[in-house]
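Whatever order the structure lists ligands and atoms in, that order sets their numbers, starting from 1. No hydrogens, no waters, no symmetry mates; every other heavy atom, side chains included, goes into these values. Positions are given from 1, in the same order as the sequence printed here.
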Amino acid sequence: MKKALLRCKTCGAEYGAERAPFRCACGEPLDLAWDGAGIDTNERCQSRRYAAFYPFAADEWRSLGEGGTPLVKLEALGQELGLAQLAVKNESANPTWSFKDRGTAACIAHARALGYTKVGTVSSGNMAASVAAYAAAAGMEAFILVKGNVADEKLAPIAIYGPHLLRVAGPYDALYSESLRLGAERGIYFMNSDVPFRVAGSRTIAYEIAEERGFRVPDWVIVPVSAGGNLRGIINGFEDLRRAGLTDRLPRFICAQTARVAPVAAAFAAGAARISRFPGNDTIAHAIDNPFPPSGNRVLAELRRLGGAAMTADEGEIVRAQADLARCGLFGQPASCVPLAVLRRARAAGIVAEGESAVLVMTGSGLKYTAAFAAHRLKWCDCDLAALPEHLR
Ligand SMILES: *Cc1c(COP(=O)(O)O)cnc(C)c1O
Ligand SMILES: [Zn+2]
């Protein structure tokens, strides 16, 4: 690994990336500060195509082929919404079917560069599966901590990769900080939701969107937000491209949340400088139900700095968005469809103007949450062979 810095955008403090601090002493998250840039257009996979944007040596990456996901144009839906262009960045095309693989790959490279043989995470869904899979591929021991109330059927798709899987009773926030503390003590690299290299991994979403569009950035990029790491990474990615002279401006960003759990949107609307804990509620968009996100303050500051917005959609709007995307051939889990629901509201409110362009980040696969099928009126027909001709008229 080459010498690189981690910087706190909030207080300006800097740390060496070789020491693995996971948060700033001020309590806010850290970002990779690294000036490298360059695209190897012969490679598809994130860790080879964009390797120059990271301080790692080629043999430090252990890739499963993350990145290189499709940017799918939705012409009819775009027209219906009065947009010049609408596209979906389909992150369900990653190795474990969510964008989390990008950040996991970067964290695994960092952990290997620092000599770790054990990794872990705190998650019950996509991040847990992603870390378990990448640890298996890298031959590392994995410790996956999930909340006490997670159902058995959600554990199997994590357990299949062979990690130490621990279901821990107790408050979720405490689990996050306790994992970082114990990790430092026991030599386990905890690649939680918004640690610096997980966030750095999300930058390649921005690189790919820009490349696919011939380096003309869209007017809007809309991202579902839970911890806030993914949106921070995508913003950093667009800033990298402008710094490298590959693009001439930044898009504007919308933080998309479910109305049931909307700490960033609530603070944004109230003009507050910091987020407050949002009362926990059940939502179909369970992958983004974080009532007190560790990158919430940072996301809020970035949206204000860049002229973005934070908006919500209700449960019915999210279900409709999931159906709308499926009718376009794209099946995302409910959380990953919130950007489309929020776009409809942003158009109605005139925040996104007629004739503009937008990219929706569809963060994970619909097959990750089959319970959502019950929210749709799905139909099929049983018949016998003799009646088939009748049905095929
Ligand atoms: C993790 C996740 C998110 C939220 O990303 P953050 O970086 O926590 O804001 C959104 N959608 C899906 C499907 C996820 O797995
Ligand atoms: Zn700081």
Side-chain angles (χ1 to χ4, degrees), residues 5-15 21-31 33 89-94 96-104 107 121-131 154 157-158 172 176 191-203 205 222-236 253 255-258 261-265 275 283-302 310 318 322 325 331-339 342 360-369 372:
L5 288 175
L6 302 178
R7 188 174 294 141
C8 175
K9 277 187 172 181
T10 303
C11 77
E14 288 183 341
Y15 304 80
F22 288 130
R23 290 192 86 77
C24 184
C26 81
E28 292 299 316
L30 295 169
D31 287 295
K89 183 64 170 160
N90 181 7
E91 288 297 291
S92 75
N94 275 298
T96 72
W97 312 285
S98 87
F99 80 93
K100 295 287 197 307
D101 292 335
R102 297 176 186 267
T104 302
C107 285
T121 198
V122 176
S123 161
S124 46
N126 291 330
M127 191 161 52
S130 179
V131 172
K154 288 182 74 182
I158 305 166
Y172 191 61
Y176 178 102
M191 41 190 77
N192 293 350
S193 55
D194 69 340
V195 299
F197 281 95
R198 177 166 297 287
V199 175
S202 283
R203 293 183 189 204
I205 295 177
I222 310 180
V223 184
V225 166
S226 183
N230 192 31
L231 178 53
R232 283 176 50 223
I234 294 171
I235 292 172
N236 289 339
F253 300 92
C255 156
Q257 298 200 295
T258 157
V261 189
V264 178
I275 58 156
T283 170
I284 193 166
H286 73 96
I288 55 169
D289 72 349
N290 190 328
F292 196 55
S295 281
N297 296 331
R298 195 59 244 154
V299 166
L300 202 53
E302 296 292 284
I318 295 168
Q322 188 182 37
L325 287 170
F331 181 32
Q333 66 187 96
S336 70
C337 303
V338 177
V342 156
L360 311 172
V361 181
M362 197 181 90
T363 41
S365 163
L367 287 176
K368 292 280 191 149
Y369 193 59

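- Under 4.0 angstrom from ligand 1, there are no non-hydrogen atoms of Lys368.
- Counting heavy atoms from C-beta on, the side chains of Gln322 and Phe331 come closer than 4.5 Å.
- Residue Lys100 has at least one nitrogen or oxygen atom sitting less than 3.5 Å from a nitrogen or oxygen atom of ligand 1, judged on distance alone.
- For ligand 1, the polar-atom distance check finds no N/O of Gln333 at less than 3.5 Å from any of the ligand's N/O atoms.
- Across Pro263 and Ile275, no two heavy atoms sit closer than the pair O-CG2, 3.8 Å.
- Of the protein's heavy atoms, Ala227 N, 2.9 Å lies nearest to atom 8 (O) of ligand 1.
- The shortest heavy-atom contact between Tyr15 and Cys24 is OH-SG, 3.2 Å.
- An N or O contact shorter than 3.5 Å is missing between Phe99 and ligand 1 by distance.
- For Met127 against Val122, the heavy-atom pair with the smallest separation is CE-O, 3.4 Å.
- Summary of contacts: the protein heavy atom closest to atom 11 (N) of ligand 1 is Thr363 OG1, 2.7 Å.
- Around the Zn ion (ligand 2), the two atoms SG of Cys24 and SG of Cys11 are separated by an angle of 100°, to 10 degrees.
- One finds the OG1 atom of Thr121 at 9.0 Å from the OH atom of Tyr176 (value rounded to the nearest 0.5 Å).
- Among the atoms of Ser98, none of the N or O lies under 3.5 angstrom from an N or O of ligand 1.
- Note that CD1 of Ile234 and CD1 of Ile205 are 4.0 Å apart. Values are rounded to the nearest 0.5 Å.
- The OG1 atom of Thr258 sits 6.0 Å away from atom CD1 of Ile288, with the distance rounded to the nearest 0.5 Å.
- Of the protein's heavy atoms, Ser226 CB, 3.6 Å lies nearest to atom 4 (C) of ligand 1.
- Close contacts between ligand 1 and Val225 involve ligand atoms 9 (O) [criterion: under 4.0 Å to a heavy atom].
- Which parts of ligand 1 touch Asn126 is read off a 4.0 Å heavy-atom cut-off, strictly below it: atoms 13 (C), 14 (C), 15 (O).
- No heavy atom of Gly125 sits closer than 4.0 Å to any atom of ligand 1.
- Closest heavy-atom contact between Ala372 and Ile284: CB-CD1, 4.0 Å.
- Nearest approach of Ser365 to Gln333, heavy atoms of both residues: O-CB, 3.2 Å.
- The heavy-atom pair separating Asn94 from Ser98 by the smallest distance is CB-O, 3.2 Å.
- By the criterion of a heavy-atom distance under 4.0 Å, neither the backbone nor the side chain of Met127 is placed next to ligand 1.
- Residue Lys368 is tested with Thr363, Thr96, Asn126 for a side chain to side chain donor-acceptor pair (under 3.5 Å); the sole match is Asn126.
- Below 3.5 Å of separation, one finds no N or O of Gly364 facing any N or O of ligand 1.
- With a heavy-atom cut-off of 4.0 Å, Ser193 does not touch ligand 1 at all.
- Of all atoms in ligand 1, numbered sequentially from 1 with element shown, those under 4.0 Å from a heavy atom of Ile288 are 3 (C), 4 (C), 10 (C).
- Contacts with ligand 1 closer than 4.0 Å are made by heavy atoms of both the backbone and the side chain of Asn230.
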